[in-house]
Amino acid sequence: MLNDPRSHGLWEKTAPYPPLTPRLEEAVSTDVAIVGGGYTGLSAALHLAEAGVNVRLLEATEIGFGGAGRNVGLINAGMWVMPDDFLKELGPAYGDKALELLGNGPYLVRELIERHGIACELEKNGTLHCAVGPDGMKELEERARQWQKRGAPVTLLDATETERRIGTKAYAGSLLDMRAGTLQPLAYVRGLAHAAVKAGAKLHTGSAVIKTGEANGKKILKTERGEVSADWIIVATDAYSTGPWEQVRREQVHLPYFNLATTPLSDSLRRSILPGREGCWDTREILSSFRMDQAGRLVFGSVGALRGTGIAVHKAWAKRSLARLFPQIGEVEFEAEWYGQIGMTDNALPRFHKFNHNVIGFSGYNGRGIAPGTTFGKLLARHILGEVSEADLPLPLTEPKEPGFRALKEAYYEAGAQIAHFAGERF
């Protein structure tokens with residue numbers, strides 16, 4: 001996108017085409033205007049249009065341009081925060097609702113993919129959170145205990161079973177979550193766009209909102225060449241937000257994350273490396289992730305940005321790491337490389353904001369956008385439809401608040417990842 005091969009990498013090369021989405025070039029009226037063409041915005045558009053609501057979605061660039069089209073493609077359940085900490089952070093009025101909703105989020109993703117026939121390489125064999133050493137295993141034991149007492153289908157695996165499933169001796173064990181899985185993230189968000197258009201939603205790309213206002217009891221959104229008046233506005237811009245709701249982006253600290261995709265592995269290697277196609281990530285502070293696409297490419301990623309000196313540093317580290325993880329793989333060649341930004345809130349939990357009367361949005365997915373974004377988009381639709389009251393939402397209403405030293409923290413994360421990878425951080 002935007003002639004930048006490092007923005008969406010492999011996903012842009014292998015995703016089906018999006019629907020035709022013309023630039024907004026006229027003044028129109030609608031029931032609900034949605035700003036942002038990612039998982040949240042398109043899920044909301046789809047569910048509203050299916051209910052017969054007139055919907056217009058405005059996307060500044062292209063469908064899936066932000067985090068929705070750049071991420072690893074892990075359909076995770078819940079958030080980074082351990083289940084018990086949900087209750088401590090959100091209290092009993094919200095904690096249990098948020099846990100249940102986000103824990104079951106991957107099931108909604110599966111249901112939408114199957115119902116709308118979205119071709120996005122869906123894999124339903126779960127994910128493996130991999131333990132690095134004894135400390136990592138202790139963390140996973142606690143995660144397993146907390147999820148299992150809530151009835152979640154998670155299983156703690158020992159080193160032997162972990163090696164059998166992954167093809168490496170690097171880990172002390174792993175936590176298998178059968179709610180989760182993998183998909184091609186840009187293909188999924190484009191599939192949601194096709195489904196929304198088919199249901200009757202009107203989508204406009206290249207239509208950044210540059211100004212907002214009110215007139216005759218309606219909310220007004222102005223783009224460079226057009227204007228939308230609406231009864232409701234859903235703000236679904238998250239970590240890539242600019243313009244009138246830039247505070248959504250400024251509430252989060254950006255953590256850079258890159259991915260590298262190998263050329264397709266041989267059949268024999270595919271039988272020894274992730275034969276069940278589970279998605280994986282580890283317990284390190286500077287974590288790594290890896291998964292297989294349907295063509296047999298191994299997608300390997302970690303914290304860091306592929307720009308400047310980071311390009312050589314991170315690629316060299318990735319080759320060394322893959323050689324240690326999977327010595328059977330030999331010399332690897334990368335077919336694609338890309339990176340993006342993860343928006344991190346101060347407590348690693350999402351936010352619900354009301355920017356004005358009938359102007360609402362969820363944001364702050366902390367690297368777990370696929371299931372939460374899809375789930376919160378549907379929830380926003382149900383709230384506008386009158387099916388869910390504000391009091392019944394799973395998050396409290398908060399005001400956007402910029403964290404201290406945000407720019408300094410972002411520079412630290414990018415530089416720190418380069419230093420760690422240059423120094424040869426090991427599995």
Under-4.0 Å salt bridge between [X] and [Y]:
X	Y	result
Asp135	Arg284	no
Lys354	Glu390	yes
Glu214	Lys218	no
Glu335	Lys13	yes
Arg164	Glu161	yes
Asp84	Lys149	yes

Inset, instruction - Test Leu265 against Thr262 for side chain to side chain contact (heavy atoms under 4.5 Å, CB included), laying out the working first. - result: CA-CA 8 Å; Leu265 304 183; Thr262 69; 3.9 Å; yes
Going from [atom1] on [X] to [atom2] on [Y], what distance comes out if it is rounded to the nearest 0.5 angstrom?
X	Y	atom1	atom2	result
Leu87	Leu99	CG	CG	6.0 Å
Leu157	Thr162	CG	OG1	5.0 Å
Arg145	Leu140	CZ	CG	13.5 Å
Tyr365	Met344	OH	CE	15.0 Å
Asp238	Ile342	CG	CD1	11.5 Å
Asp293	Leu10	CG	CG	5.5 Å

Using modelled atom types only, decide if a donor and an acceptor are shared between the side chain of [X] and the backbone of [Y] within a distance under 3.5 Å.
X	Y	value
Asn104	Glu100	yes
Asn125	Glu278	no
Arg351	Leu349	yes
Thr205	Thr21	yes
Thr223	Ser207	no
Asn358	Trp232	no
Arg270	Ala295	yes
Asp392	Val388	no
His47	Ser43	yes
Arg249	Gln252	yes

Inset, instruction - Please name the residue in the list Leu122, Thr374, Asp177 that meets the side-chain contact (heavy atoms from CB on, under 4.5 Å) test with Ile75. - result: Leu122
Legend entry - Option among Asn356, Val32, Val228 that satisfies the side-chain contact (heavy atoms from CB on, under 4.5 Å) test with Lys219: Asn356
Report the relative orientation of the aromatic rings in [X] and [Y]; use parallel for angles under 30°, tilted for 30 to 60°, perpendicular for over 60°.
X	Y	answer
Phe258	His314	parallel
Tyr171	Phe290	parallel
Phe65	Tyr240	perpendicular

Inset, instruction - From the options Glu142, Arg143, Arg150, Gln148, select the one residue that forms a side-chain hydrogen bond (donor to acceptor under 3.5 Å, both in side chains) with Gln146. - result: Glu142
Hey, is [atom1] on [X] packed in by over 12 heavy atoms from elsewhere, all under 6.0 Å?
X	atom1	answer
Phe405	CZ	no
Glu114	CD	yes
Leu20	CG	no
Lys409	NZ	yes

Is the closest side-chain heavy-atom distance between [X] and [Y] below 4.5 Å?
X	Y	result
Glu123	Gln294	yes
Arg23	Arg225	yes
Asn76	Pro106	no
Leu42	Ile63	yes
Ile220	Glu227	yes
Leu322	Phe334	yes
Cys280	Thr127	no
Val299	Met292	no

Under 3.5 Å, is there a donor-acceptor pair between the [X] and [Y] side chains?
X	Y	value
His204	Arg56	yes
Asn347	Glu89	yes
Gln184	Thr14	yes

Looking only at the aromatic ring of each residue, does the gap between the centers of [Y] and [X] stay below 6.0 angstrom?
X	Y	result
Tyr413	His254	no
Trp317	Phe300	yes
Tyr39	Tyr188	yes

What are the two closest heavy atoms between [X] and [Y], and how far apart are they?
X	Y	answer
Ser302	Ile286	OG-CG2, 4.0 Å
Leu90	Pro396	CD2-CD, 4.0 Å
Trp11	Val72	CZ2-O, 3.4 Å
Leu57	Ala45	CD1-CB, 4.3 Å

Inset, instruction - Apply side-chain contact (heavy atoms from CB on, under 4.5 Å) to Pro400 and list each qualifying residue two or more places apart in sequence or on a separate chain. - result: Gln247, Glu251, His353, Phe355
Inset, instruction - Show your working on side chain to side chain contact (heavy atoms under 4.5 Å, CB included) between Val209 and Lys222 and close with a plain yes or no. - result: CA-CA 6 Å; Val209 176; Lys222 291 184 179 292; over 6 Å; no
Inset, instruction - List the steps and the verdict of side chain to side chain contact (heavy atoms under 4.5 Å, CB included) for Arg190 and Ile118. - result: CA-CA 9 Å; Arg190 287 180 173 179; Ile118 298 174; over 6 Å; no
Inset, instruction - May I ask you to establish whether Arg250 and Trp245 are in a cation-pi arrangement, using a distance under 6.0 Å from NZ or CZ to the six-membered ring centre and at most 45° from the ring axis? - result: no
Legend entry - Trp338 six-ring face occupied by Arg70 cation (under 6.0 Å, within 45°): no
Inset, instruction - Output, in order, the C-alpha distance, side-chain angles, deciding distance and verdict of side chain to side chain contact (heavy atoms under 4.5 Å, CB included) for Leu128 and Leu175. - result: CA-CA 5 Å; Leu128 295 166; Leu175 183 63; over 6 Å; no
